[in-house]
Amino acid sequence: MSFESDSSLPAPRISDLARADARPADYLEGLNPEQRAAVEAIEGPVLVLAGAGTGKTRVLTTRLAHILASGRARPWELLAVTFTNKAAREMRERITHIIGPSAEGLRWLGTFHSIAAQILRRHAELVGLKSNYTILDTDDQERLLKQILEAENIDSKRWPAKMLAGLIDHWKNRGWRPDQLLPAENGAFANGKGQALYRLYQERLRILNACDFGDLLLHNITIFTSQPDVLAEYHNRFRYLLVDEYQDTNVAQYLWLRLLAQKSQNLCCVGDDDQSIYGWRGAEVDNILRFERDFPGAKVVRLERNYRSTSHILAAAAGLIATNKSRLGKTLWTEAEGGEKVIVRGVWDGEAESRLIADEVERAKRAGRAYRDIAILVRASFQMRAFEERFVLLQIPYVVIGGPRFFERAEIRDAIAYLRLIQSEDDDLAFERIVNTPKRGIGDTTVQKLLQIARLNGVPASHAARQIVLTDELPARTRTALANFLRDLDRWRGQAEHIHHARLMETVLEESGYTDALKLDKSPQAQGRLENLKELVQSMGGYDDLQAYLEHVSLVMDLERGPQADSVQIMTLHQAKGLEFPLVFLPGWEEGVFPSQRSMDEKGEKGLEEERRLAYVGITRARQEARISFAANRQVYGRWTSQLPSRFVDELPPANVEASSETGYYGGGPGMQQHGSRWDNDPDFGGGYSSPGWRRAQANQYRGTHPGRQAVIEGDGRLVAVSESSAASAYKRGDRVFHLKFGYGSVKGVEGNKLTVSFDKAGEKKVIDSFVEKA
DNA sequence: AAGTGTCTAATTTTT
DNA sequence: TTAGACACTT
């Protein structure tokens, strides 16, 4: 072992090392042998295969603490990378807990993107950017691409900007710059224009002094490979590298890591190949599968002792994942023998499923379980609605995790756009967004004209605007409006220098008329928007300057939430990764839904394996009870479809499962032979004849007892209860109802205690006035 | 420039 | 079915 010399730093003292080696510190106590091995294997490449619930975070943090406490490196010489801000935050907190305030020196602990952004700020000019570059999000990215497509006269119906954005993202994830595209890739868009468009896009980004998420990494790679001295600087800086969730890294991230680790080789990657569920976003399971070949001499440590789940749950999950071929292989074990078997149930339809689960939630609650200990994990978000409706009806408190995130809300993006434009006049995307928000009489025609002039002269749109207000090209009214807008901008820009940006934000929102416009807005969302803006201003307080805040906004798309009320958690399987709950419901295990048909169509066997890992992630979230369910009939986009139980149901080891079915159908049976259930001949599961048509008929009969849409509204327009109607679900009890939308028809107001609903479908206007009855 | 009607596509989502 | 994008009025 040798320490690289770094002139700026004194070498660690030998006495510190000796002491650390002789007597293990407190923080090592309580680790099991495999965890300890993972903590102490410090030099050289290390792969820690950390199964679900094996204490990974503890190992990660202890390892960092150990490196620091043993004097091998100082906090700022460690590079620790995570995928999410949440993970980074958690790691920092836990290290602080072990080593105290010196953890603040860990300035290179963060997400791939935030660290890459920091590095890029220091060397931006090497890739043609200024150090105050803006980071565009997906929305900006798509708008920019749309403009390019329009300029290139490409039919944006046939070749949507979204698709191109996805492709460019994919290319960047693979580490390909425009000139590095393989010919085959080029053909993927607009008959071979992909590469040219990608190049145009990159040029536009450079002019806008902006980059997208993929660029952060890619520019880093460009800098490292073209400027050996810069890379050497980071080689000296980062003595030990640590990566969390290695199974989720994409090629670009892999290349970035390999470049940074290539000298010291002190790279520790922690991950679980069985929990790789982000392939569709560019993650390469191959990275983790190949680790030992990529880094010769690597140590591999397996964490296999599970502290989370009971043995039935663990065994069920293990049996399922064993079907996958591409995996490194682990055998999780636990001392918590026994417990409940995994319950698998077949029900008639989605409604029955949500009824069943809601009933069980209530039962669990009566038995003393807190709501917050219960999670419902779905494959796709459209499955959530059924549960929400049921829970609203039964007044079971719930939270839907996810949904549009704070910084993606329109009002927040508008507010931020003002700041961006104040910060950087070149930010045409921000200009375009807010030049007429709130409405100030600068219409589409005017904006297009401005953009055209801007592009023609190669200047930012705000410059073009400045020029045009001096001429009489615009109608007088529009010209005044634009001139006022520019004048306001200048004033704010002047203020930005001497007032705090939170104060500036308030001023801008007031003076631009943004808050006034919202106050006048009678729609039910307006109030919430105003509150969001208040929250925004509040959140700005913690940042030193505008630039730091804007970077935070681009890279940290979430806002820390206060402690949640006691509610059932509804979320997707993807969102559940890293979490655990005593009781987990896993609904919708039907072929085509889960595993998702689209995954299988698009990615074949690989896609199926990823779906199976998702199922594995789902089951392993459960501490004590996991309950899987599938419906024989399900409404998908309004159409009734017969469903087959997911193949994953069949793959669960029967010994760890307790199965029943109210449909009399479970797995195979005559007419379903092709399904090949393991339980085909098991009378316990009722193998009786059940054709899809027969089951559908049963379901329809059943459904007849549950009339559809009904909303109960008080005379003053407050919603008292909603039936299982989907459209009404957007409203909560107590909301004032102004406008309810039902498909093609809409409810426009309240008269007495009745709602009038007008439908306009196929040219025919109908008025239904018995839609609502008083509670 | 804002309001209304029509068409169409429809996972997972972090940064 | 239904949200959202877009085209077409007013």
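Naming: A, B, ... by sequence-line order, numbering from 1 per chain.
Whole-Å rounding puts the A/Gln597 CD to B/dT12 P distance at 16 Å. Regarding A/Lys606, its NZ atom lies at a distance of 22 Å from the P atom of B/dT12, rounded to whole Å. As rounded to whole Å, 15 Å separates atom P of B/dT11 from atom CG of A/Leu614. In this structure, CE of A/Met571 is placed 14 Å from C1' of B/dT12, rounded to the nearest angstrom. The nearest whole Å value for the distance from the NZ atom in A/Lys577 to the P atom in B/dT15 is 12 Å. As a whole-Å value, the separation of A/Ile135 CD1 from B/dT15 P is 13 Å. With rounding to whole Å, A/Glu590 atom CD is found 16 Å from B/dT11 atom P. When the C1' atom of B/dT11 is taken as reference, atom CG of A/Leu377 falls 16 Å away, rounded to whole Å.
Minimum atom distance to the side chain of A/Lys439 is reached by B/dA2, of the listed B/dT15, B/dA2, B/dT12. Comparing atom distances between the A/Tyr278 side chain and each of B/dT11, B/dT15, B/dT13 picks out B/dT13 as nearest. Nearest nucleotide to the A/Thr138 side chain, out of B/dA2, B/dT15, B/dT13: B/dT15. In the set B/dT12, B/dT11, B/dT14, B/dT14 carries the atom at the smallest distance from any side-chain atom of A/Thr84. Of the listed nucleotides (B/dT11, B/dA2, B/dT13), B/dT13 has the atom at the smallest distance from the side chain of A/Trp280.
In terms of position along DNA chain B, the nucleotide closest to A/His574 lies nearer the 5' end than the nucleotide closest to the other residue of the pair A/His574 and A/Phe83. In terms of position along DNA chain B, the nucleotide closest to A/Ile442 lies nearer the 5' end than the nucleotide closest to the other residue of the pair A/Ile442 and A/Ser114.
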Exercise for review: In sequence, state the C-alpha distance, the side-chain angles, and the governing distance for A/Lys56 and A/Asp244, and then conclude on side chain to side chain contact (heavy atoms under 4.5 Å, CB included).
Suggested key: CA-CA 9 Å; A/Lys56 180 190 73 169; A/Asp244 190 15; 3.0 Å; yes
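One P atom belongs to C/dG4, the other to B/dT13, and the distance between them is 16 Å to the nearest Å.
Among the protein residues, A/Gln253 comes within range of no part of the nucleic acid, since none of its heavy atoms lies under 4.0 Å from any strand. Within the nucleic acid shown, A/Glu602 comes within 4.0 Å of at least one base atom, counting heavy atoms only.
Here ring pair (Phe, Tyr, Trp, His ring centres under 6.0 Å) pairs that include residues 135-165 of chain A, with residues two or more places apart or in two chains, are A/Trp159-A/Phe189.
Shown here is A/Gln597, whose CD atom has more than 12 heavy atoms of other residues, nucleotides or ligands within 6.0 Å.
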Every protein N/O within reach of nucleotides 6-10 of chain C N/O, cut-off under 3.5 Å:
from	atom 1	to	atom 2	distance (Å)
C/dC6	OP1	A/Lys146	NZ	3.4
C/dC6	OP2	A/Lys146	NZ	3.4

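For A/Arg281 against B/dT13, no side-chain N or O and base N or O form a donor-acceptor pair under 3.5 Å.
For C/dT1, the OP1/OP2 oxygens have no side-chain nitrogen or oxygen of A/Gln635 closer than 4.0 Å. Checking the phosphate oxygens (OP1, OP2) of B/dT12, a side-chain nitrogen or oxygen of A/Ser381 falls inside 4.0 Å. Proximity of A/Thr572 to the phosphate of B/dT13: a side-chain N or O atom is located under 4.0 Å from OP1 or OP2. For B/dT14, neither phosphate oxygen OP1 nor OP2 lies less than 4.0 angstrom from any side-chain nitrogen or oxygen of A/Asn85.
Ring orientation note: the planes of A/Phe224 and A/Trp256 are tilted relative to one another, at an angle of 30° to 60°.
Contact check on A/Glu609 versus A/Lys606 returns no salt bridge, with no Lys/Arg side-chain nitrogen under 4.0 Å from an Asp/Glu carboxylate oxygen. Contact check on A/Arg634 versus A/Asp349 returns no salt bridge, with no Lys/Arg side-chain nitrogen under 4.0 Å from an Asp/Glu carboxylate oxygen.
A/Glu353 places a side-chain N or O within donor-acceptor distance of the main-chain N or O of A/Gly588, the cut-off being under 3.5 Å.
Using modelled atom types and a 3.5 Å distance limit, the side chains of A/Asn287 and A/Tyr246 yield no donor-acceptor pair.
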